[in-house]
**Q** 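Let me give you the structure first, and then I'll get to my questions.
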Amino acid sequence: MFTGIITDVGAVRAIEKKGDTRIEIDTQYDTHDIELGASIACSGPCLTVVEKGDGWFAIEASAETLSCTTIGDWQVGSNVNLERALRVGDELGGHIVSGHVDGIARIVGMRTEGDSTRFEFEAPDDVMPYIAEKGSITLDGVSLTVNEVEGNRFGVNIISHTKAHTTFGQRVEGDRINLEIDMLARYVSRLVGDDRK
């Protein structure tokens, strides 16, 4: 489990495509403190550490993960939002995040609002019923609040701190973004008999 509060922005240092895709990521984390088999959210998806060294760790992405996320877009040098798994007693500053990507959104608009930037996203039709005004959403691993919803589009406000400490400061219109709906919305839907998920 995660909170959607990014604690490091890493960078892809190597990609090796064979059976599964192996990706090495540079990080500011103390990798001596990361166990092999640990889970790290990498721009949203929860991935397993399979190898590590001083200042880097490696994960493997299956064909299924590549097809359901934007990991296949990564190149050497791509920046990645990182969050280590939630531990008992940690501050829950965002919202409960599973690290399971529900779909891919696309940035369709950006405009400055004071010191913030309003991002407009287009999302797949099947996830839109779970996105609500003032509800929580996870985009590329970042816990955010939905400002408005209209059709298959929704908007969020990204404050300057978030832009400076995540990959959102480098985003442009047209970029694809990993999207995870709020876990509460998923369970409420299940309880009321909605069988879309």
**Q** Is there a side-chain contact between Glu83 and Thr3 (heavy atoms, below 4.5 Å)?
**A**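 The answer is yes, as the side chains (C-beta and beyond) meet within the 4.5 Å cut-off.
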**Q** Closer than 3.5 angstrom, by distance alone: can the side chain of Thr31 be matched with the main-chain N or O of Ile34 as a donor-acceptor pair?
**A**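 Absent.
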**Q** Could you grab the distance from atom CG of Leu66 to atom SG of Cys68, nearest 0.5 Å is fine?
**A**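 Going from the CG atom of Leu66 to the SG atom of Cys68 covers 9.5 Å.
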**Q** In Å and rounded to the nearest 0.5 Å, what is the CD to CD distance from Glu24 to Glu51?
**A**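 Reported to 0.5 Å precision, the distance equals 6.5 Å.
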**Q** Could you state the interatomic distance from OG1 (Thr166) to CZ (Arg171), rounded to the nearest 0.5 Å?
**A**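 The CZ atom of Arg171 is 9.0 Å from OG1 of Thr166, to the nearest 0.5 Å.
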**Q** List the steps, then state whether side chain to side chain donor-acceptor pair (under 3.5 Å) holds for Thr167 with Asn79.
**A** CA-CA 7 Å; Thr167 59; Asn79 287 331; over 6 Å; no
**Q** Please say yes or no: joined through hydrophobic side-chain contacts below 4.5 Å, possibly via intermediate residues, are Ile177 and Met110 part of one cluster?
**A**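 Ile177 clusters together with Met110.
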**Q** Closer than 3.5 angstrom, by distance alone: can the side chain of Glu122 be matched with the main-chain N or O of Ala105 as a donor-acceptor pair?
**A**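 Checking the backbone N and O of Ala105 against the side chain of Glu122, no donor-acceptor pair under 3.5 Å is found.
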**Q** Could you give the distance from CD1 (Ile96) to OG1 (Thr138), rounded to the nearest 0.5 Å?
**A**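 Spacing of CD1 (Ile96) from OG1 (Thr138) equals 10.5 Å.
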**Q** Closer than 4.0 angstrom, basic N to acidic O: yes or no for Arg118 and Glu120?
**A**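 Salt bridge between Arg118 and Glu120, a charged N being under 4.0 Å from a carboxylate O: no.
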**Q** Determine whether Phe2 and Cys46 make a side-chain contact, defined as any pair of heavy atoms from C-beta on separated by less than 4.5 Å.
**A**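 Yes - at least one pair of side-chain heavy atoms lies under 4.5 Å apart.
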**Q** With rounding to the nearest 0.5 Å, note down the distance linking NZ in Lys52 to CD1 in Ile25.
**A**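 Those atoms lie 15.0 Å apart.
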**Q** Between Arg22 and Ile15, does a side-chain contact (heavy atoms from CB on, under 4.5 Å) hold up when you go through it step by step?
**A** CA-CA 6 Å; Arg22 183 180 183 280; Ile15 299 174; over 6 Å; no
**Q** Evaluate the side-chain contact (heavy atoms from CB on, under 4.5 Å) criterion for residues Ile71 and Leu47: first the C-alpha distance (whole Å), next the side-chain angles of each, then the deciding distance (0.1 Å), finally the verdict.
**A** CA-CA 11 Å; Ile71 293 175; Leu47 299 169; 3.8 Å; yes
**Q** Hey, is the main chain of Thr145 close enough, under 3.5 Å, to the side chain of Lys134 for a donor-acceptor pair?
**A**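 Checking the backbone N and O of Thr145 against the side chain of Lys134, no donor-acceptor pair under 3.5 Å is found.
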**Q** Per the ring-ring contact (aromatic ring centres under 6.0 Å, His included) rule, what does the pair list look like for residues 54-80, sequence neighbours excluded?
**A**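 Non-adjacent pairs meeting ring-ring contact (aromatic ring centres under 6.0 Å, His included): zero.
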**Q** Under a 4.5 Å cut-off applied to non-hydrogen side-chain atoms, are Met1 and Val97 in contact?
**A**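 When only atoms from C-beta onward are counted, Val97 and Met1 do not touch, as no gap falls below 4.5 Å.
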**Q** Nearest 0.5 angstrom please: Ile107 CD1 to Asp175 CG, how far?
**A**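 Taking CD1 in Ile107 and CG in Asp175, the distance rounds to 5.0 Å.
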**Q** Counting C-beta onward and ignoring hydrogens, is there a side-chain heavy-atom pair between Cys42 and Leu82 closer than 4.5 Å?
**A**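 Cys42 reaches Leu82 side chain to side chain.
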**Q** Please tell me if the side chains of Val149 and Met128 come closer than 4.5 Å, counting only heavy atoms from C-beta onward.
**A**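 With C-beta onward as the side chain, the pair touches.
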**Q** Could you please spell out the steps behind the side-chain contact (heavy atoms from CB on, under 4.5 Å) verdict for Thr48 and Ile59?
**A** CA-CA 6 Å; Thr48 301; Ile59 55 90; over 6 Å; no
**Q** Apply the test side chain to side chain donor-acceptor pair (under 3.5 Å) to residues Thr117 and Lys163: give CA-CA distance (whole Å), side-chain angles for both, the deciding distance (0.1 Å), then the verdict.
**A** CA-CA 9 Å; Thr117 303; Lys163 284 179 65 177; 2.9 Å; yes
**Q** Taking C-beta and beyond as the side chain, do Arg176 and Asp73 meet within less than 4.5 Å on heavy atoms?
**A**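 With C-beta onward as the side chain, the pair touches.
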**Q** Taking Asp102 for its side chain and Ile181 for its backbone only, find out whether a donor-acceptor pair lies under 3.5 Å.
**A**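 Side chain of Asp102 to backbone of Ile181, a donor-acceptor pair under 3.5 Å: yes, one is there.
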**Q** Apply the side chain to side chain contact (heavy atoms under 4.5 Å, CB included) test between Ile131 and each candidate in Asp182, Asn152, Leu179; give the one that qualifies.
**A**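 Among Asp182, Asn152, Leu179, the one meeting side chain to side chain contact (heavy atoms under 4.5 Å, CB included) with Ile131 is Leu179.
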**Q** Let me check something: do Ile159 and Phe119 share a hydrophobic cluster, defined by ILVMFWY side-chain heavy atoms less than 4.5 Å apart, either directly or through other members?
**A**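 No.
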**Q** Considering only heavy atoms from C-beta outward, does the side chain of Ser116 approach that of Ile158 to under 4.5 Å?
**A**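 No, too far: nothing below the 4.5 Å cut-off.
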**Q** Is there a path of hydrophobic side-chain contacts, each under 4.5 Å between heavy atoms of I/L/V/M/F/W/Y residues, joining Val108 to Phe154?
**A**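 Unlinked, Phe154 and Val108 end up in two clusters.
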**Q** Check residues 4-11 and write down every donor-acceptor pair under 3.5 Å in which the side-chain atom is one partner and the other belongs to a residue at least two apart or another chain.
**A**
| residue | atom | partner | partner atom | Å |
| --- | --- | --- | --- | --- |
| Thr7 | OG1 | Tyr29 | OH | 2.4 |
| Asp8 | OD2 | Thr27 | OG1 | 2.6 |
| Asp8 | OD2 | Gln28 | N | 2.8 |

**Q** Could you walk me through whether Glu60 and Thr21 satisfy the side chain to side chain donor-acceptor pair (under 3.5 Å) test, starting with their C-alpha distance in whole Å, then the side-chain angles of each, then the deciding distance to 0.1 Å, before giving a yes or no?
**A** CA-CA 5 Å; Glu60 290 178 347; Thr21 298; over 6 Å; no
**Q** Would you call the rings of Phe121 and Phe168 parallel, tilted or perpendicular, where under 30° means parallel and over 60° means perpendicular?
**A**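 It falls in the perpendicular class, over 60°.
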**Q** Could you report the tightest heavy-atom contact between Val127 and Ala123, atom names first, then the distance?
**A**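 Scanning both residues, the minimum pair turns out to be CG2-CB, 4.0 Å.
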**Q** Apply the test side-chain contact (heavy atoms from CB on, under 4.5 Å) to residues Thr162 and Val142: give CA-CA distance (whole Å), side-chain angles for both, the deciding distance (0.1 Å), then the verdict.
**A** CA-CA 9 Å; Thr162 301; Val142 183; 4.1 Å; yes
**Q** Could you tell me whether the side chains of Asn178 and Thr69 share a donor-acceptor contact shorter than 3.5 Å?
**A**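 Distance-only check fails for Asn178 and Thr69.
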**Q** With a 4.5 Å limit on heavy-atom distance, are the side chains of Tyr130 and Ile137 in contact?
**A**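 When only atoms from C-beta onward are counted, Ile137 and Tyr130 do not touch, as no gap falls below 4.5 Å.
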**Q** Hey, are Arg84 and Asp30 close enough for a salt bridge, meaning a charged N less than 4.0 Å from a carboxylate O?
**A**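 Asp30 and Arg84: not salt-bridged.
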